[in-house]
Structures are given as structure tokens and as C-alpha cells.
Amino acid sequence: MARGQNTAANRTTPTPSSPVRRFGGVPAEVMGPRILFMLAILALVLVGLVMVFSASTIEAIDEGSSPASFVMKQFAFAVVGALACVVCAFIPYRAWLGRLTDIAWVIAVALIALTAAIGTEDLGAQRWVNIGPVSLQPSEFAKIAFILVAARAFFMFREGGMDSRQFLVHIVVGLLLPLGALFITQSDFGTTAICAVSIIAVMWAGDVPVRAIGATLAVIGVAGFLGIVSSSYRLARMTSFLNPWGDGEGGLGTGYQLIHSFYAFAEGGLFGVGLGNSSEKFLYLPEAETDFIFAIIGEELGMLGALAVVALFLLLLFAGLRIARTAPDNFGAMLACGLVTMLVFQAFLNMACVMGVAPTTGKPLPFISSGGSSLIASFMMAGIVLSVSRASGEPDVHDQRRADLRVVRADDGWGDFGRLEPSARGGSRRSRGVGAIDLGAASRGSGLRGGSVREPGGRGRSHGRDGASSRGGRRDGSSRPGRSRR
């Protein structure tokens, strides 16, 4: 049986000796990861607000703005993102199986086309589009639509809702063509790589055969290599990543940003120079409050502060994967796993670029870097994951039946069921009987609505809700002395 297809059936049945711990009516295995997930996000956002303020003050003053102008914008984006997170969390995640995903995909593709047509070029790439006073980076929102399309396609194909031809059309039209257009028109290797890794995570969560995952990885690897060598811009970034001082300009060209990132980490040492005391933010390190904010964290808070940020993202990954594990079905597992992988992989890709472990991609650090598109999109992804968690906490028919189990006692003096006497702790109180018998049936959804009493004189009286009587406590009138049946 594939994981996620019958999650309730795979759960451990609670027994009187090992009761299920609950938190506000929700099982602890569901509520625990949910709380950890939200706490990790809250901590990352707070760290982001503090570090954006610290890293952006000099640039704001240089632009003639208030020193707090960047952090005030970031705070406003955080408020909007939090509202978007709440909305996504209260949308039932299975609604994304319908037209809602089609609408999200159409909007994403339209924004990608709009960016290619009238987008604003900055830092060597045309990735932004101005909608009134707002500058939007559509690729940040398109990533969400691609995960929704991938999860729905794999789920529907596995459940028989799509045949092979329909599945192939969804993959080619819904994923490959838009990703190819994004890669070509915006030269956005980072977003393409993030989406590819996240789709692999969706396949893994959906129990796709290992051979298919391996073949997909091989295709992605070949396409990535060809994408790098086919562009002089990306090839220059690759060579400068390997040797930033050998960029042809003595470290003042494409390697300049990475070199000053190294300076920031070297200056920070173990404990950092202190919050607000960075020297690289004095216009030496470009994009100090956005793509390279992790370098400022390393300089001001030291290696310990940088490791604390890494630990928060690992906590986010752990909690998100636990939410995926307890998802009500395979679609929820794929959504949660894909979106959490997207957030955490982008974070580690950003940190790897800042530390010189990977080529510079220009992707922000989720929840921390300055920028409205990234922050709002990250909150939306978190909201969809929380929607999966909310559905996991709702009792299904199996949970309800287990909650309604009744325990009765056998009376060796009468040979039939004794009186049902549940205790305050959910068990039963011994009266005259010996040995507990678990009926294995719920009071709801089954024929047994209550216990029965065997009275002297041989007449059995049922205490069922319908008021009907049955001999020996059974509706069919049958009874076998000394035995009980499920």
C-alpha cells in the first residue's frame, strides 16, 4: 500500500495501556510539528526584521531616506504575508485538486509572459515587473503554482483520474514549457533548480518508483549542464565562483561580491563584531540586505549566529516533513513535502552561494532577505502546509470509532454481558464481572448503541438508543453463554 493512501489505517490503534496524547483535541503527533513549524517561521521573520534594519541603514541614508525605511517596508510585507498565510491555511488543501490550481497556473504563466514583454531589467536579469507602485518578481509566485500542478498530476495519475496521455500533457504543458520559458526569458537558473528539486521531492513523497526519480534526476542534470555552458553570463558566474579573484579584473568584476562576502565572514569570527557593527554594509558588499544578508549575519553575529539560522531552517524542514508524514492522503503529503523542500532548499542554496560553495544565483533567503515578493510567497507556501496540518488534526471516521469504543465486563455468574459502566478516565469500572472484553465496535456507525443488562429471571434488557430489546444484549436475539462476539 502506498504511503498516504490510507493514513488512518496505518496509524497505531490506541489501547488502554497506550492512549493517544492529545493537545486541545488534536493528536500530539499532529499538533507538535505544527507548533514547531510556526515557531520556526516566527523566529526567522523576527531575525529577518532585525537584520534587514541593521544591514540597510547605510544604504537608506545614502539614498536620502530614513534609516528605518527598508525595515518598515519589510514589516508591511510581513503583515501582508501573514494575512496571506492565514487565508491559505484556511483554504482546504484538497481544493487545489480542482480549478483553483488552474487559476494559479494561468496567473503565473501570464506574469512570466508579462515580465518577458515589459519587465524591468536589474542586475543583469529581467525578472521584475512593475504593477503600479509595486515591483513584483513573478518567479517567486510561479514556484508555488508549479508545485501545485506537479502534486495534482502525480496524485490524479496514481488514483486513476488521469490516463498516461493526460498525465504527459499535464507534465509537458503545465511544468516543462513554463519552466523552460522562465529559464530562457529571465535567465533564472536558480528558480529553475529550486523547482526541479522540489518536484523531485513531490515524486518521492508520492512513492514514485526509484527508477523514474533517477531518470528525472539524470535529465535535470544534463539540462542544467547544457544551460550553464550555453550562456556566457552563467559560465562567467561559474568561473568566478571557482576563483573569484581570477575574474579578469583582479577581483573587481564578477568576483567582487563574493570576495567581500568572504571578508564579512572572516571579520565575524566565532561570536561576531556585534549587532549593527558590520563594516561591509557600508556599501562595500552589494545587496547586503537582500541576497547577501547571510554574510551580514555571519559578520555581526558570528559563526554561532549563522549556525542558529541554519538550525531554524533545519527545524522548519523537520516539522514540515512530519506534517507531510501525518497528512490525511497522498496529495497532502506531496504538497507539504514539495513546498517545505522548496523553502529549505532555497535557503541552503542562498547560504551556499554566500559562502562560496555554489555559484551565485541571486535567490533571496526565505523569511529573512529584504523583498516583498519572496516574503509573501514564502508565507503562502507555509499557509498551504498548515492547511495540510489542519486537515490532519481533524478526526476521520476511524478516529471517531476508536474514540467511541466501549469496554464491558463479562459476568461469570450470568454468562452474558454485564452492565456498561464507563469510568471517568474512559475505561470501565469492575462490578461483578471478571476479565475485560473489548467489543471492537463504535457506538456510532454500528448497530450497537449501548450496553445491556442480564436480569434475574433470564430476560435480557437492552440499553440501546432506539429502545429496542434483545435477548442477551444482541439485536438478532442470539446468545452464547460465557462468550461475547465482536
Side-chain angles (χ1 to χ4, degrees), residues 1-11 29-30 33 37 88 91-98 100-102 104-105 142-176 178-179 192-221 316-346 381-392 396:
M1 179 181 297
R3 179 172 54 83
Q5 289 183 338
N6 193 3
T7 306
N10 295 331
R11 295 173 185 166
E29 66 173 0
V30 174
F37 189 78
C88 291
I91 295 177
Y93 77 92
R94 290 188 67 88
W96 298 107
L97 282 172
L100 205 55
T101 292
D102 296 330
W105 181 86
K143 295 183 302 183
I144 306 175
F146 294 152
I147 292 300
L148 294 174
V149 170
R152 185 181 68 172
F154 282 107
F155 179 76
M156 295 294 290
F157 179 69
R158 189 178 187 89
E159 296 295 316
M162 290 183 186
D163 56 27
S164 299
R165 185 182 63 84
Q166 292 172 324
F167 175 75
L168 185 62
V169 169
H170 272 72
I171 295 299
V172 173
V173 177
L175 293 177
L176 298 184
L179 279 174
T192 308
I194 292 169
C195 290
V197 172
S198 303
I199 291 171
I200 292 296
V202 169
M203 297 172 67
W204 172 74
D207 292 326
V208 175
V210 177
R211 290 183 178 180
I213 296 178
T216 305
L217 283 173
V219 172
I220 291 173
L316 186 73
L317 177 64
F318 169 78
L321 293 182
R322 294 289 295 182
I323 290 174
R325 182 180 179 182
T326 58
D329 57 20
N330 209 238
F331 180 63
M334 287 189 285
L335 271 186
C337 185
L339 292 173
V340 169
T341 301
M342 177 169 284
L343 284 170
V344 178
F345 178 75
Q346 178 172 329
M381 287 187 268
I384 297 175
V385 175
L386 290 175
S387 175
V388 175
S389 179
R390 287 184 65 251
S392 303
D396 57 15

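Being a predicted model, the structure only gives us computed values, none of them experimental.
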K.L.:
Show your working on side-chain contact (heavy atoms from CB on, under 4.5 Å) between Phe37 and Leu386 and close with a plain yes or no.
P.N.:
CA-CA 8 Å; Phe37 189 78; Leu386 290 175; 3.7 Å; yes
K.L.:
I need the minimum non-hydrogen distance between Val340 and Leu316, along with the two atoms involved.
P.N.:
CG1-O, 4.0 Å
K.L.:
State the CG-CD1 distance between Leu335 and Ile144, to the nearest 0.5 angstrom.
P.N.:
11.5 Å
K.L.:
Say whether, by atom type as modelled, one donor and one acceptor occur between the side chain of Arg158 and the main chain of Gly206 under 3.5 angstrom.
P.N.:
yes
K.L.:
With side chains defined as the heavy atoms from C-beta onward, is the minimum distance between Trp105 and Pro178 less than 4.5 Å?
P.N.:
yes
K.L.:
Keeping Ser387 on the side-chain end and Gly383 on the backbone end, is there a donor-acceptor pair under 3.5 Å?
P.N.:
no
K.L.:
Restricting to non-hydrogen atoms, name the atom on Ala104 and the atom on Leu148 that form the minimum distance, rounded to 0.1 Å.
P.N.:
CB-CD1, 4.4 Å
K.L.:
Are the side chains of Ile199 and Leu179 in touch, meaning some heavy atoms are under 4.5 Å apart?
P.N.:
yes
K.L.:
Which residues pass the side chain to side chain donor-acceptor pair (under 3.5 Å) test with Arg390, not counting sequence neighbours?
P.N.:
none
K.L.:
Supply the atom-to-atom distance Met162 CE to Ile171 CD1, rounded to the nearest 0.5 angstrom.
P.N.:
8.0 Å
K.L.:
How long is the straight-line distance from OG1 of Thr341 back to CD1 of Ile194, given to the nearest 0.5 Å?
P.N.:
12.0 Å
K.L.:
I'd like to check the ring-ring contact (aromatic ring centres under 6.0 Å, His included) partners of Phe167; sequence neighbours left out, ordered by chain and number.
P.N.:
Phe154, Phe157
K.L.:
If you look at every heavy atom in Cys88 and Ile384, which pair is closest and at what distance?
P.N.:
CB-N, 3.9 Å
K.L.:
Which pair of heavy atoms, one from Ile323 and one from Pro33, lies closest together, and at what distance?
P.N.:
CG1-CB, 3.9 Å
K.L.:
Quick one: does Trp96's side chain get under 4.5 Å of Ile147's, heavy atoms only?
P.N.:
no
K.L.:
What's the shortest heavy-atom distance between Ala153 and His170, and which atoms?
P.N.:
CB-CB, 4.2 Å
K.L.:
Strictly distance-based, threshold 3.5 Å: is any side-chain N or O of Thr326 a donor or acceptor partner for the main-chain N or O of Ser392?
P.N.:
no
K.L.:
Roughly how far, to the nearest 0.5 Å, is CG of Leu97 from CZ of Phe331?
P.N.:
4.0 Å
K.L.:
Out of curiosity, Leu100 CG to Ile91 CD1, how far, rounded to the nearest 0.5 Å?
P.N.:
6.0 Å
K.L.:
In the structure I gave you, are the side-chain heavy atoms of Val202 and Cys337 within less than 4.5 Å of one another anywhere?
P.N.:
no
K.L.:
What heavy-atom pair brings Ala205 and Ala333 nearest, and what distance separates the two atoms?
P.N.:
CB-O, 3.8 Å
K.L.:
Hey, are the side chains of Met156 and Gln166 touching, using non-hydrogen atoms and a 4.5 Å cut-off?
P.N.:
no
K.L.:
Is any side-chain heavy atom of Ser198 closer than 4.5 Å to one of Phe345?
P.N.:
no
K.L.:
Can you measure from CE (Met381) to CG (Leu343) and round to the nearest 0.5 angstrom?
P.N.:
4.5 Å
